[in-house]
Amino acid sequence: MESDLKRTWAETDLDALLHNYRQIRNHIGENVKFLAVVKADAYGHGAVMVARTMQDAGADYLAVSSIDEAMELRVNGITMPILILGHTPKEQVRKLIEHNITQAVTCKAKAEEYSAEAVKTGGSLKVHIKVDTGMSRLGFLCEGDMFETGVSGILDAVNMPGLDTEGIFTHFAVSDEPGEECRAYTLHQYELFTSVIDSVEEKWGRKFKIRHCANTGAVACYPETYLDMVRPGLLLYGYGDFAKGLGLKPVMTLKTTVSTIKTYPAGTSVSYGGIFKTDRVTRMGVVPYGYADGFFRSLSNKCSLYSSEGPVSQRGKICMDMSMIDLTDKPGVDVGSEIEIFGPHNPVDDMAKTAGTIPYELTCAVSKRVPRSYIKGGQVIDRELLLRM
Ligand SMILES: *Cc1c(COP(=O)(O)O)cnc(C)c1O
């Protein structure tokens with residue numbers, strides 16, 4: 001389904017995406033593979049179009065968080081390798097094998113389940129072993145006293161029938177944080193990871209084909225951790241301080257239009273709860289962008305959007321379907337004028353800071369009623385609306 005409604009819409013700039021991909025490729029060097037993280041609908045940018053761009057550009061791997069996300073890509077013609085980072089119930093193993101989807105194996109119990117299912121289907125499941133080196137989320141626990149148990153669990157897993165172990169990976173907890181403590185923590189995670197690999201490989205008598213751990217923070221700051229493949233998400237989409245440092249461009253521009261303008265006298269209270277009262281004659285615009293579109297209500301009365309005449313302050317509580325902006329000093333902004341919510345002029349990073357969160361959360365929050373359009377060669381090449389029509 002597509003929509004050309006100019007209410008509120010998200011533009012995914014595939015040219016910027018390709019630019020970022022190439023810049024990161026240059027940065028990591030020729031001998032390192034590139035896994036593009038496209039989970040959560042490619043952080044809200046549209047997983048199919050992002051994956052297609054990555055496939056055409058020659059990326060090596062994609063990562064998603066569930067089998068449904070992986071299948072969305074397969075059904076839409078993505079044939080390149082896909083790794084599921086999260087859990088898949090064992091009932092889905094046949095489907096994983098059928099569609100050549102790689103599964104993370106996060107503990108011995110899961111390895112046993114997957115192995116048994118794969119043997120039942122007579123096929124073999126491609127897996128990457130996940131090691132917990134300090135993220136304390138998923139993975140074989142290998143820290144301190146757990147080292148031997150962890151290594152032997154992994155060794156059991158790689159030797160199980162029906163499992164074809166291609167890779168091993170871990171995830172950094174603080175590689176994107178500044179400071180010596182975080183640096184030490186990250187390097188410790190990395191050292192533990194490589195010790196686990198060495199120990200397993202020695203006992204197994206084989207090598208892991210793809211060892212990977214570098215997320216955005218590590219791609220930017222820890223070249224010593226690249227190993228065989230890097231795994232950036234946020235960086236690819238061009239957000240955060242590291243993106244600026246590498247000359248990357250923001251991929252998403254979220255836009256809306258002014259639907260109505262009214263002029264109020266001083267002393268008028270605006271929107272639910274009356275948290276904003278005009279202190280002068282005020283020309284107030286209404287934009288059809290509210291929390292149901294992904295505008296964080298916690299930003300009410302705290303943020304600004306960007307008009308053709310510069311920043312405009314958001315006023316009063318953000319409503320479900322709309323919000324108000326002060327156009328008093330922007331005489332050239334009229335009904336129908338485009339407003340950038342975030343994008344190249346109004347960085348999502350700034351809005352995230354104001355909201356006390358990270359840019360990931362804002363791009364992921366763009367909701368399904370917001371149509372997406374995809375730009376390539378400066379032209380809109382496709383449009384999408386994710387409603388049930
Ligand atoms: C999401 C995720 C990434 C990408 O993280 P960024 O910070 O966006 O680079 C990499 N690896 C794993 C396991 C992830 O879950």
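Just follow the structure's listing: the first ligand is 1, and inside any ligand the first atom is 1.
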Quick check: do [X] and [Y] have side-chain heavy atoms less than 4.5 Å from each other?
X      : Y      : result
Lys130 : Ile168 : no
Met49  : Thr12  : no
Val219 : Asn215 : no

Check whether any heavy atom of Leu235 sits under 4.0 Å from an atom of ligand 1.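 No, Leu235 has no heavy atoms under 4.0 Å from ligand 1.
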Under the side chain to side chain donor-acceptor pair (under 3.5 Å) rule, what pairs show up with a residue in residues 295-307, not counting sequence neighbours?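 Found none.
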Out of Tyr114, Phe140, Tyr61, which one pairs with His128 under the ring-ring contact (aromatic ring centres under 6.0 Å, His included) rule?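 One option only clears the test, and that one is Tyr61.
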Is the shortest N/O to N/O distance between [X] and ligand 1 below 3.5 Å?
X      : value
Lys39  : yes
Phe169 : no
Lys130 : no

Have a look at ligand 1 and work out which part of Val37, if any, has a heavy atom under 4.0 Å from it: side chain, backbone, both or neither.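 Side chain only; the backbone of Val37 stays clear of ligand 1.
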Give the residue and atom name of whichever protein heavy atom lies nearest to [atom], and the separation in Å to one decimal.
atom                    : result
atom 7 (O) of ligand 1  : Tyr360 OH, 2.6 Å
atom 12 (C) of ligand 1 : His171 CE1, 3.3 Å
atom 11 (N) of ligand 1 : Arg231 NE, 2.8 Å
atom 9 (O) of ligand 1  : Thr216 OG1, 2.5 Å

Counting each atom of ligand 1 from 1 as listed, which ones have a heavy atom of [X] under 4.0 Å away?
X      : answer
Arg137 : 15 (O)
Pro232 : 9 (O)
Leu234 : 6 (P), 8 (O), 9 (O)
Tyr43  : 1 (C), 4 (C), 5 (O), 6 (P), 8 (O)
Gly233 : 4 (C), 6 (P), 8 (O), 9 (O)

Check Asp164, Ile84, Leu163 against Val127 for a side-chain contact (heavy atoms from CB on, under 4.5 Å) and give me the one that passes.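 In the set Asp164, Ile84, Leu163, the residue that makes a side-chain contact (heavy atoms from CB on, under 4.5 Å) with Val127 is Leu163.
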Would a line drawn from the ring center of Tyr21 to the ring center of Phe34 be shorter than 6.0 Å?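 Centroid distance Tyr21-Phe34: below 6.0 Å, so yes.
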Does the plane of the ring in Phe169 sit parallel, tilted or perpendicular to the ring in His212? Use 30° and 60° as the thresholds.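 If you compare the ring of Phe169 with that of His212, the planes turn out parallel.
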Out of curiosity, does Phe242 fall in the hydrophobic cluster containing Val230 (side-chain heavy atoms, cut-off under 4.5 Å, transitive links)?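 Shared cluster, yes.
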